[in-house]
Engineer: 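Sharing a structure below in structure tokens format, with a few things to ask.
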Amino acid sequence: MSSNAGESNSPGARGTARATTAHPHPATAPDSPLQIGILLPTREQAINGTYAAAPLLDFAKTAEALGFDSLWAGDSLTARPRLDPLVVLSAAAAATSRITVGTAALTPALRHPLIGANMIASLSHVAAGRLVLGLGSGFPMAETEEEFASVGASFQGRVGRLDEITALWRTAWRAGEEGEPAEFQGRYWLAENLDRLPSPAVPGGPPLWLAGSDTPKVLARAATRYDGWLPFLPDVDAYGRARRRIAELAAEAGRTVTPALYATVTVNRSEAAAKTELEHYISHYYGRSLEQMSSIQAYAWGSAEKCAEWLGGYVRAGARHLVVRIGSLDPEPQLKEIAEVLLPAVRALGSSTTVGSTQS
């Protein structure tokens with residue numbers, strides 16, 4: 001395999017897949033039942049100076065027992081360090097039986113594409129098909145640019161590289177099927193013998209969701225290249241407009257795309273105490289203030305009922321899978337209340353809401 005697309009590779013018996021080749025992968029329909037997931041506190045552990053696996057597995061098993069639909073882990077090497085999400089999710093999948101596991105979000109550029117393809121295929125077997133991958137091209141921060149440089153990855157052109165890596169992955173995951181190419185030729189990557197890699201548990205690989213904003217280019221990519229859209233938009237009306245646009249573009253392409261949302265909540269009967277805890281959390285997580293981050297990310301704080309009503313706005317705007325991050329460096333005490341109060345309240349909205357409505 002080479003990262004120099006100027007090199008020549010001779011096609012094998014089944015031909016060569018190009019980076020521009022479409023790989024439609026039907027995903028959960030936008031009118032499917034509402035799903036609600038929870039983020040594993042891997043980053044929170046790192047901030048607290050511990051990397052113990054046992055508490056994460058206990059968190060995973062508790063989340064499944066409390067009725068969450070999915071369990072997620074973030075990704076970073078040096079910008080916002082934590083345990084590797086693919087390793088953690090493999091352990092969490094082995095410790096659970098029902099709950100979906102996913103990345104929110106994985107940065108594919110931090111790993112060689114073939115290593116990534118192999119690790120993900122392996123994880124899909126451990127999870128017995130209960131895997132979804134939220135993918136990002138890299139958060140636009142100086143720390144992320146330094147992180148890319150630390151592994152020799154180019155920060156410039158990272159959006160195109162993400163799209164190409166996912167095209168390569170899908171080629172690799174189908175390479176063992178009759179008539180599918182075993183080679184890949186793109187602008188950044190060339191690969192041969194992809195049929196030698198293990199196939200994932202689900203034909204074609206797990207659903208790939210694009211973690212992005214609501215710019216026209218992002219919406220077009222989500223609608224035509226990915227199986228889901230995972231933004232953290234702080235404006236529910238903007239979310240609704242973007243969700244409808246993705247649905248239009250996906251329909252034109254004959255595809256379905258899951259509209260999801262990544263949101264942070266801090267639950268406390270005292271709204272002032274909740275905000276103070278969230279501010280403390282954000283300052284340690286990003287090194288920035290809540291005011292700065294709330295202009296680009298979705299945050300709510302206060303009682304579980306208030307946070308549920310806030311999330312309900314996104315459900316009414318069309319969100320069908322919520323990924324909830326607990327805005328606390330000690331998230332476990334809030335987990336049960338979120339499960340017992342917020343989950344049923346939001347699910348009730350999801351079952352009685354016409355998708356696409358932006359009423360609040």
Side-chain angles (χ1 to χ4, degrees), residues 1-27 75 84-87 89-90 93 101-103 105-138 151-154 157-211 221-222 224-228 255 257:
M1 180 156 183
S2 170
S3 60
N4 181 358
E7 296 180 7
S8 62
N9 269 10
S10 57
R14 283 174 288 190
T16 301
R18 302 276 177 171
T20 54
T21 301
H23 292 271
H25 188 308
D75 182 31
D84 182 272
L86 300 181
V87 174
L89 290 175
S90 184
V101 296
T103 56
L106 186 75
T107 307
L110 298 180
R111 299 161 182 80
H112 189 286
L114 286 193
I115 293 175
N118 190 38
M119 290 184 71
I120 292 164
S122 302
L123 173 55
S124 78
H125 284 283
V126 176
R130 297 177 286 133
L131 176 63
V132 175
L133 295 177
L135 307 173
S137 56
V151 296
S154 174
R158 63 192 184 279
V159 170
R161 290 174 187 271
L162 170 62
D163 290 346
E164 186 166 305
I165 289 172
T166 58
L168 191 160
W169 283 354
R170 285 170 166 155
T171 301
W173 294 333
R174 293 187 182 277
E177 300 175 13
E178 184 66 30
E180 292 290 339
E183 288 77 33
F184 178 89
Q185 181 176 325
R187 179 180 179 185
Y188 305 107
W189 297 99
L190 302 175
E192 295 180 329
N193 305 314
L194 294 175
D195 53 335
R196 298 180 183 178
L197 294 175
S199 298
V202 176
L208 305 180
W209 293 2
L210 179 62
R221 290 167 61 222
T224 59
R225 290 177 172 269
Y226 293 87
D227 309 307
R255 309 180 73 248
V257 176

Engineer: Mind checking whether P206 and I120 have side chains closer than 4.5 Å, heavy atoms only?
Structural biologist: yes
Engineer: Which distance, rounded to the nearest 0.5 Å, do you find between the OG of S137 and the CG of L210?
Structural biologist: 7.5 Å
Engineer: Run the side chain to side chain contact (heavy atoms under 4.5 Å, CB included) test against S154 and tell me which residues pass, sequence neighbours left out.
Structural biologist: Q156, R161
Engineer: Measure the CZ-CG distance between R187 and D163 for me, rounded to the nearest 0.5 Å.
Structural biologist: 12.0 Å
Engineer: Which heavy atom of L194 sits nearest to which heavy atom of E183, and what is that distance?
Structural biologist: CD1-C, 4.2 Å
Engineer: If you compare all heavy atoms of T103 against all heavy atoms of P85, which two are closest, and at what distance to 0.1 Å?
Structural biologist: CG2-CB, 4.3 Å
Engineer: How long is the gap from OG1 on T171 to CD on E180, to the nearest 0.5 Å?
Structural biologist: 8.0 Å
Engineer: So which heavy atom on R170 is nearest to which on R225, and how close?
Structural biologist: NH1-O, 2.6 Å
Engineer: How far does CG of D195 sit from CZ of R174, to the nearest 0.5 angstrom?
Structural biologist: 15.0 Å
Engineer: Of all heavy-atom pairs between H112 and W189, which one has the smallest distance, and what is that distance?
Structural biologist: NE2-CZ3, 3.9 Å
Engineer: Are any side-chain N or O atoms of D227 and backbone N or O atoms of L208, one a donor and one an acceptor, separated by less than 3.5 Å?
Structural biologist: yes
Engineer: What ring pair (Phe, Tyr, Trp, His ring centres under 6.0 Å) pairs are there with at least one residue in residues 160-183, not counting sequence neighbours?
Structural biologist: W169-W173
Engineer: Of all residues at least two apart in sequence or in a different chain, which pass the side chain to side chain contact (heavy atoms under 4.5 Å, CB included) check with D84?
Structural biologist: L86, V87, R111, M119
Engineer: Report the distance from atom CG of L168 to atom OH of Y188, rounding to the nearest 0.5 Å.
Structural biologist: 14.0 Å
Engineer: Side chains of Y226 and L162, heavy atoms from C-beta outward: is any pair under 4.5 Å?
Structural biologist: yes
Engineer: Could you go through residues 125-136 and list every donor-acceptor pair under 3.5 Å that involves a side-chain atom there, pairing it with any protein atom two or more places apart or in another chain?
Structural biologist:
from : atom 1 : to   : atom 2 : distance (Å)
H125 : NE2    : S199 : O      : 2.7
H125 : NE2    : A201 : N      : 3.4
R130 : NE     : A127 : O      : 3.0
R130 : NH1    : T96  : OG1    : 3.2
R130 : NH1    : I99  : O      : 2.6
R130 : NH2    : A93  : O      : 2.8
R130 : NH2    : T96  : O      : 3.3

Engineer: Looking only at non-hydrogen atoms, find the nearest pair between A109 and A153 and report the distance.
Structural biologist: O-CB, 3.7 Å
Engineer: Taking all heavy atoms of P113 and all of I165, pick out the closest pair and write down the distance.
Structural biologist: CG-CG1, 4.1 Å
Engineer: Ignoring hydrogens and geometry, is there a side-chain-to-backbone donor-acceptor pair from R196 to A182 under 3.5 Å?
Structural biologist: no
